[in-house]
Structure formats: C-alpha cells, structure tokens
Amino acid sequence: MAEYKGVLVFGEAGNGKLAAITAELLGGARKLANDLGAPLSAVFVGSEVKGLAQEAIAFGADKVYVVDNPILKDYQTDAYLLAMEKVVGQVLPQVVLMGQTAIGRDLAPRFAFRLKTTATMDCVDLAIDPASKRLLQTKPVYGGNTHGVFTSATDPQVATVRAKTMTPLLHNPSRQGETIDIKVDIDPAVVKAKFVQKVAQAVEGIRLEDARVVVSGGRGIGGADGFKPLEEVAKLLKGAVGASRPACDNGWVPDVRLIGLTGKIIGPELYLAVGISGSSQHMAGCSTAKNIVAINKDPEANIIKQARYCVIGDWRRVLPAFTAKLKELLAS
Amino acid sequence: FKIDSATNRMVLGPGVMSVLSPFDEYAVEAALRIKDKQPAKITALSLGANLQREVVKKPLSMGADALVLLDDEAFAGGDSWSTAYALAMAIRKIGSYDLILCGRQASDWDAGLVGSGIAEILGLPCVTVAKKIEVANGKARVERVVSDGYEVVETPLPALVTVSNELGQARYPTIKGIMTAKKIEPVVWKPADIGVDPAQIGAAGRKTNLLKLFQPVREGKCEVIGGQTPEEAGANLAVKLREAKLL
Ligand SMILES: Cc1cc2nc3c(=O)[nH]c(=O)nc-3n(C[C@H](O)[C@H](O)[C@H](O)COP(=O)(O)OP(=O)(O)OC[C@H]3O[C@@H](n4cnc5c(N)ncnc54)[C@H](O)[C@@H]3O)c2cc1C
Ligand SMILES: Nc1ncnc2c1ncn2[C@@H]1O[C@H](COP(=O)(O)O)[C@@H](O)[C@H]1O
C-alpha cells in the first residue's frame with residue numbers, strides 16, 4: 001500500500017484572487033501538518049490559476065501544485081475529478097481539505113468515493129489525535145444542535161471545512177515555497193455533465209460574506225414590504241441584508257440572501273436578527289458573528305439565548321425608533 | 001420514460017417521530033414535476049431497518065408509482081459508504097432508469113455524500129444541489145444553486161441529481177393519493193436479493209467512526225434592552241450599540 005503523508009489543501013479563487021476560505025484552510029491545515037510533522041501543500045485546479053501559488057505560500061503552504069488547463073476554466077465535476085485524482089496519486093497526501101463551497105461540496109464526496117475513502121462534510125474543527133495520528137473531524141449534525149467527532153479508517157482522509165471556522169496565518173509575502181506544475185490531459189468526452197452558463201442573481205450593495213454589518217429578517221417580518229426598513233438600516237450602517245429560510249421561500253427576498261446551513265455562512269461584526277427565531281439551521285450560518293443582536297417579540301426565542309443584546313417587542317414599533325435614533329447618532 | 005428516486009431516509013429525531021428527510025420530499029417533488037409533463041414511472045427506494053410503512057409510503061401518497069425497501073437489520077448502522085453501496089446495488093437490480101434523484105443532504109448527519117457516492121459506484125454523471133430539472137431528448141438540463149446565483153449544467157441520461165429546497169414547495173399528499181398508496185405493496189429486498197457483500201453493508205461496511213457526540217456550549221448572556229415603550233427600547237438599543245462601538 002502506498003504511504004500517504006502530509007496535508008493537501010484544495011485552493012479556490014474568488015474574483016481572480018485567493019479565496020478567503022483557502023487562506024482559512026491553509027491556516028488550519030498548517031497546524032495539522034505541524035502536528036503530523038509533515039509538509040503542507042496546496043493545489044490549484046483551473047485555467048490561469050498559477051498566479052495564486054505564491055499567495056498560498058504566503059499563507060503557509062510549503063509546496064503548491066498547479067493544474068492549468070483551459071478545459072478547467074469553469075467548474076465541471078468530471079474534469080476536476082480527473083485533475084484531483086492525478087494530483088493526489090502523485091502527492092499521496094494523508095489529509096485532503098476543501099472548503100464547504102459550491103465546488104467543495106460537489107467535488108469532495110465524488111472524489112472520496114473514487115479513491116475508496118471517506119469524506120466528512122462541513123467540518124467546524126479539525127485536529128490530529130495525539131495517539132493514533134488520525135484526523136479528528138468535528139461537524140454539526142442534526143441541523144447543528146449537536147456536534148459529532150468522526151475519524152476515517154482509510155487514507156486519504158478527506159474533509160470539507162465550513163467558512164469562517166479557521167483562522168488564516170498572517171500574510172507573509174517573503175515566505176518561500178515551491179510551485180510544481182502537473183499536466184493533466186483531459187479528453188473533453190469524459191466531461192459528461194457539462195457547464196452551460198452561470199446566471200448570477202445580482203444583489204445590490206455589499207456582498208453578504210464581506211459585510212461588517214448584516215441586518216436579517218425572518219418570518220416575523222411578514223412580507224416583502226417589511227424588508228424595506230431593514231434595507232434602510234443596512235444602508236445606514238454600510239451593511240447587507242440577509243434572511244431566514246421562510247423569508248426566501250415566501251419570495252420576500254431572493255434565495256441568495258439566505259443565511260444558514262443551506263445558505264451563506266457569515267461572520268460579521270454585527271448581526272441584527274429581526275423576527276427570526278434562531279433555529280439551529282439558521283444559526284449555523286451566523287454563529288461566528290462577533291455580536292448578535294435580536295429584535296423579537298418572544299422572550300423565549302432561541303435567538304435570545306445566542307444574542308449579546310436584544311429588545312423584546314414588535315419590530316414594527318421597535319425598529320423605526322431604532323432607525324431614527326441611529327440616524328441621529330450617526331449625524332452627531 | 002422511467003424515473004427512480006433514491007430517496008427517503010428514516011430519521012429518528014429526539015422526539016422519536018420518524019419523518020421523511022425534508023430534502024427527500026423535494027426529490028420526490030422534482031420527480032413528480034417531470035411526470036407532470038411527460039409519461040414517467042417513479043420508484044421510491046428506502047434503506048433501513050424496520051422501516052415504518054406510514055413514513056416510507058409518503059412518496060407513494062404524493063404520486064410515486066412503486067416502492068422498493070431495503071429493510072433488514074444488516075442494513076442498519078451504516079455510514080455513507082455502506083448506504084450508497086447498498087442503494088447502488090438495488091438500483092442496479094431495478095435495472096432500467098433514466099434519472100436517480102436524491103436529497104442534497106439527509107437531516108441526520110447533514111452529510112450530502114450518498115448521492116455522489118451512488119453516482120460514482122454506478123459510473124453516472126451527477127449534478128448536485130439542483131433547484132430545477134428539465135428532461136428532454138435523453139438529456140437533463142439542471143439549474144445548480146451556487147452562492148451568488150445558479151449554474152446551468154447539461155447532462156446525458158441516465159444521471160443522478162441531488163435536489164435542494166430552492167426547487168419550491170413539495171406537494172401534499174391528496175386523499176386519493178393516500179388511498180392509492182394504501183393499495184401499493186412495497187417490494188422488500190434483503191441483502192441476498194441485491195447481491196451485496198455482507199461485509200460492506202450496514203455497520204460492518206463503515207469506513208468512518210463516530211467517536212462522540214456533544215452539545216456545543218453557548219454563552220447565553222443576553223442583555224435585554226428595555227424601555228417604557230417598544231419605541232423607547234428601540235432608541236435605547238441604538239444608544240447601547242453606539243456605546244459598545246458597534247455602529
Ligand atoms: C435541512 C434543513 C435545512 C435548513 N436550512 C436553513 C437555512 O439555511 N437557513 C434558515 O434560516 N433556515 C433553514 N431551515 C429552516 C429552519 O429550520 C427554520 O424553519 C427557519 O430558520 C425559521 O425561520 P424564522 O426564524 O424566520 O421563522 P420562525 O421560526 O417562524 O420565527 C419567526 C420569529 O419571528 C418572531 N416574530 C413574529 N412576529 C414578530 C414581530 N411582529 N416582531 C418581532 N418578532 C416577531 C417570532 O417570535 C419568532 O421568533 C432549514 C431546515 C431544514 C430542515
Ligand atoms: N437510508 C437511505 N435510504 C434512501 N435514501 C437515502 C438513505 N440515506 C441517504 N439517502 C439519500 O441520499 C441523500 C443524501 O444523504 P446523506 O449523504 O446521508 O446526507 C438523501 O437525501 C437521500 O436522498
């Protein structure tokens with residue numbers, strides 16, 4: 001049996017730059033590699049992605065593998081799978097980490113099954129067991145009420161990691177590392193499920209993932225009109241508007257605003273939750289917010305237990321006064 | 001035209017009330033929407049031990065045509081590997097199918113592995129987290145949810161697609177549907193019926209170990225901002241957040 005060694009991070013680009021999740025993964029993986037006494041490498045699969053290699057090194061990678069091929073420009077499972085199979089066959093890492101992203105959540109399971117190993121999805125904590133040297137993979141289960149710690153019996157041990165759960169190292173541009181090109185020939189005929197086009201649902205203003213302030217509304221908002229006052233607050237605070245599942249399912253706001261287990265994972269400075277009960281699935285998307293503030297008429301709502309500050313009352317009466325005072329304070 | 005939906009998962013929640021995993025209802029709904037437009041046969045497939053008939057029959061009462069159960073103690077206690085393997089072997093035995101639909105993730109482990117696993121074992125193309133599926137001319141056109149919108153992916157059939165809630169509300173069983181479902185006898189298969197290696201199913205086939213489960217601690221120190229009226233409380237909240245340098 002081949003000897004698997006070291007940690008490999010699957011890197012992603014966001015707007016041509018290193019994706020935040022990749023820097024986070026490298027930060028978490030660096031510690032795992034140190035604990036294993038083994039190297040940390042990263043891999044970039046795509047078209048014209050070589051420029052990201054030095055960035056990965058600056059964030060902690062020792063070696064960066066690059067598979068550059070025009071056919072890899074858009075994400076297509078079959079093509080990325082071939083590329084990753086080749087890279088992992090050559091690098092033989094003991095641990096492979098991906099982000100719990102649109103790509104990672106599609107690629108990791110199929111990749112793991114192809115290599116006859118396991119993947120643990122959406123981990124929020126990873127550690128090396130000091131005795132067995134196996135990867136301890138902690139992930140929320142049952143919608144987030146409970147966490148489970150898993151180990152895998154097979155190598156490579158594949159895990160995807162939730163955004164904002166690991167901390168990047170300080171960017172060090174003078175850090176040294178090695179970049180290695182891996183050539184993978186991909187016959188277009190093997191790509192069965194073909195990417196046709198991307199339809200971006202444009203949202204105005206700041207991206208939810210980047211916003212320092214997020215103002216979210218839930219079922220308690222009662223309708224699309226109710227989101228206007230939330231938008232006003234978000235605008236005043238240069239933030240973004242989010243929502244819980246009922247608000248999206250009812251069409252009050254577009255799906256891209258969804259925060260939670262099946263939506264976006266955010267970690268803003270301030271999360272203002274209005275008319276949201278704080279279900280475990282919703283909290284999965286915002287529990288790393290530095291400060292949660294709730295406006296809810298139910299003192300027993302779960303969100304109150306998670307919040308730093310709250311007002312118990314009808315948002316229709318609380319929020320306008322809050323906004324008025326806010327304007328006053330911001331003007332002074 | 002024929003569809004198989006590898007759906008339904010038994011979930012024993014804390015209240016010990018079994019339900020169909022929510023995303024699996026969306027998978028059934030996706031199959032029904034295809035059948036609304038063209039002739040199709042929908043088979044629901046569930047794996048577990050002592051599967052409760054009222055629960056696993058829900059796809060039938062929603063409009064599916066047949067139900068296959070892998071119901072045996074030997075299937076219990078599995079992980080994604082052993083589950084995907086047994087389901088794939090059952091699908092192979094079912095034989096002819098155009099589309100296999102799964103939920104994007106089951107509501108117990110929130111894994112999202114079994115669908116891709118079945119596709120890999122059967123060597124099928126797979127599209128995950130779909131919000132819309134259109135089938136025509138031996139192809140499926142799938143809208144796949146991504147963080148800032150969706151991607152359109154086209155795949156030849158047979159294929160496997162996992163379905164997400166963005167599909168839209170699943171239909172409720174009708175009285176007629178419930179009556180029809182009562183009359184349909186599920187086909188029950190044991191491990192030997194689908195030719196599986198007993199060492200690879202259920203608990204025996206696990207490749208992952210669950211070391212422990214724990215409840216994450218929460219801080220639970222919320223400061224309630226009050227006032228004479230809700231309006232005053234709102235204004236006080238703004239002042240408080242300013243003091244805490246959050247604005
Ligand atoms: C597998 C799975 C995945 C899921 N993924 C997600 C996800 O990613 N994101 C998500 O959000 N949900 C998700 N859900 C749904 C989740 O379980 C909850 O149903 C949902 O989050 C509840 O949304 P809510 O808090 O807006 O509604 P509710 O739970 O109905 O809460 C409404 C709240 O508004 C308050 N309220 C009502 N009127 C007023 C008023 N006038 N003033 C002040 N307060 C008021 C009420 O007191 C209540 O607390 C998922 C569910 C499942 C099963
Ligand atoms: N025991 C089972 N019986 C039938 N389908 C299952 C079973 N387990 C998982 N699935 C299917 O696979 C999907 C993903 O499950 P999971 O990988 O466990 O999150 C579910 O939504 C189901 O469609």
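Quick note on labels: first sequence line is chain A, next is B, and so on, each numbered from 1.
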Heavy-atom cut-off 4.5 Å, strictly under: side chain, backbone, both or neither for [X] against chain B?
| X | answer |
| --- | --- |
| Thr118(A) | both |
| Leu81(A) | side chain |
| Leu136(A) | side chain |
| Ile292(A) | neither |
| Pro140(A) | backbone |
| Arg134(A) | neither |
| Leu270(A) | side chain |

Between chain A and each of [options], count heavy-atom pairs under 4.5 Å; write down the option with the most.
| options | answer |
| --- | --- |
| Thr208(B), Asp110(B), Thr128(B) | Asp110(B) |
| Trp81(B), Phe214(B), Phe23(B) | Trp81(B) |
| Asn165(B), Val146(B), Thr155(B) | Asn165(B) |
| Gly112(B), Gly168(B), Ser147(B), Ser80(B) | Ser147(B) |

Would you mind checking which part of [X] comes under 4.5 Å of any heavy atom in chain A, side chain (CB onward), backbone (N, CA, C, O), both or neither?
| X | result |
| --- | --- |
| Val239(B) | both |
| Val224(B) | both |
| Lys131(B) | side chain |
| Gln169(B) | neither |
| Ala84(B) | side chain |
| Leu124(B) | backbone |

Between Arg316(A), Gln137(A), Lys290(A), Lys139(A), which shows the greatest number of heavy-atom pairs under 4.5 Å with chain B?
Lys139(A)

Exactly one of Lys264(A), Lys198(A), Arg207(A) should register a salt bridge (Lys or Arg N to Asp or Glu O under 4.0 Å) with Asp148(B). Which one does?
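Among Lys264(A), Lys198(A), Arg207(A), the one that satisfies the salt bridge (Lys or Arg N to Asp or Glu O under 4.0 Å) with Asp148(B) is Lys198(A).
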
Evaluate side chain to side chain donor-acceptor pair (under 3.5 Å) for Asp255(A) paired with Tyr150(B), printing each intermediate quantity in order.
CA-CA 10 Å; Asp255(A) 290 333; Tyr150(B) 63 91; over 6 Å; no

